[in-house]
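The sequence lines fix the lettering, A, B, ..., with proteins before strands; numbering per chain opens at 1.
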Amino acid sequence: MLEHSRLHDGGLSGVQCSSRLDTISVVQHWLMKSEPDVYGFATLWNAPQRIGGWEGVRNYQARNYMMQMRVGDGVLFYHSACKVPGVAGIASVVREAYPDTVQFDPDSAYFDPKSPPSQPRWMQVDIQAVQPLRLVTLEMLRADPLLTGLLTLRRGNRLSVTPVLAAHYQRILELGEQAVSG
DNA sequence: GCCAACGTTGGC
DNA sequence: GCCAACGTTGGC
C-alpha cells in the first residue's frame, strides 16, 4: 500500500513539515460535476466494478486538481445542468492521473488536436462508486450554514473539479444519509 | 502582454 | 432559452 505526502494547495503552505510527514497519508476530498443526462451517478454505479474513467476534462485548473488526487480520496459526485442539481452519491479515486484516453481520438467529441501523444495535455483519473445518496440538492447545500465556503456554491463557479474540506464532505454525507433514514 | 471577441458552463 | 460568469483565443 502506497503512502503519500501531499498538501492541498488550499492554504496549507505555511504548515510546518516534520521529517515524518512523508509517511503520513492524508485523505483528500473532491467534488466532481457531471451532467446526469450524459453520465450520472447511476451510470458509474452500473459500470463494471462500478469504476469509470473521468475523461473529457478540458480545463487546466480542473486538470491540475485531478493531478493532485490520490488513491482513496473521497469524491462527491455532483449532478449539474439538470432539473435538480445536487450531490447524488460518493465515489473514491481508484487510479491516479494518467493521460486522457480520448484526447487523441479524432472521432471523439473530446479530441484535442493541440495535444500531441508525445506530450499529452489532458489527464484523467478513474473513480469507483461507493454509495448512492439521497440527492443532496443545491438548495440544501446553499441553505446549510455548515457548508459556507464550499467552492461549488460560489457565484459563477463553473469548475468541474474542486477540492472540498473534510468537514464539508462529512456534512454532505450526513445530509445524504439523513435523508435516507428520515 | 493587453483586451475584445467568442465559446462554454450551469443555475434559473 | 436566457444570461452571468469565466476561460480561451488571437490580433495587435
Side-chain angles (χ1 to χ4, degrees), chain A residues 8-11 13 28-47 52-69 73-91 93 97-127 129 132-165 167-169 171-176 178-179:
Chain A
H8 245 227
D9 64 345
S13 53
Q28 305 172 106
H29 304 86
W30 311 92
L31 182 146
M32 299 174 98
K33 295 180 187 173
S34 187
E35 301 185 19
D37 295 339
V38 179
Y39 193 100
F41 187 76
T43 316
L44 182 66
W45 186 259
N46 293 320
W54 209 263
E55 72 236 8
V57 170
R58 296 293 178 267
N59 171 285
Y60 288 105
Q61 217 179 330
R63 180 204 66 180
N64 293 344
Y65 280 136
M66 285 203 297
M67 290 171 72
Q68 294 177 35
M69 291 184 181
D73 283 359
V75 174
L76 300 170
F77 195 116
Y78 180 91
H79 285 175
S80 66
C82 56
K83 196 153 193 177
V84 187
V87 177
I90 61 172
V93 175
Y98 61 101
D100 180 289
T101 53
V102 294
Q103 63 190 318
F104 312 122
D105 176 5
D107 294 328
S108 168
Y110 297 118
F111 176 59
D112 184 353
K114 293 178 185 169
S115 181
S118 58
Q119 223 173 349
R121 173 177 301 203
W122 305 114
M123 307 289 277
Q124 69 175 91
V125 297
D126 289 353
I127 65 173
L133 297 177
R134 181 95 152 256
L135 191 69
V136 183
T137 66
L138 180 59
E139 192 182 7
M140 291 165 70
L141 297 175
R142 288 200 192 284
D144 193 332
L146 294 180
L147 295 176
T148 303
L150 188 69
L151 286 177
T152 277
L153 302 182
R154 288 234 186 119
R155 186 175 150 85
N157 194 319
R158 302 179 305 161
L159 253 195
S160 63
V161 179
T162 48
V164 174
L165 293 176
H168 287 168
Y169 184 88
R171 177 60 180 159
I172 292 168
L173 209 63
E174 220 175 274
L175 290 172
Q178 198 174 72

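Overall bending of the helix from dG1(B)-dC12(C) to dC12(B)-dG1(C), expressed as the angle between end axes built from five pairs apiece, is 10° (10° steps).
Whole-Å rounding puts the Tyr78(A) OH to dG10(B) P distance at 8 Å.
Between Phe77(A) and Trp54(A), the ring planes lie perpendicular to each other; the angle is over 60°, past the 30° to 60° tilted range.
Within the model, atoms CG of Leu175(A) and CG of Leu133(A) stand 9.5 Å from one another, a figure rounded to the nearest 0.5 Å.
Within 6.0 Å of CZ on Arg154(A) lie no more than 12 heavy atoms contributed by other residues, nucleotides or ligands.
Ion pairing between Arg63(A) and Asp100(A) fails under the 4.0 Å rule for side-chain N and carboxylate O. A salt bridge between Asp112(A) and Arg58(A) is absent, with no side-chain N of the basic residue lying under 4.0 Å from a carboxylate O of the acidic one. The pair Glu174(A)-Arg171(A) meets the salt-bridge criterion, with a side-chain N (NZ, NE, NH1 or NH2) lying under 4.0 Å from an Asp/Glu carboxylate O.
Here the closest non-hydrogen pair linking Ala129(A) and Phe41(A) is CB-CZ, 3.8 Å. Counting all heavy atoms, side chain and backbone alike, Ile127(A) lies closest to Ala91(A) at CD1-CB, 4.0 Å.
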Distances under 3.5 Å only, N/O to N/O: pair up the protein atoms with those of nucleotides 6-9 of chain C.
residue, atom, partner, partner atom, Å
dC6(C), O2, Arg158(A), NH1, 2.9
dC6(C), O2, Arg158(A), NH2, 2.4
dG7(C), O4', Arg158(A), NH2, 3.3

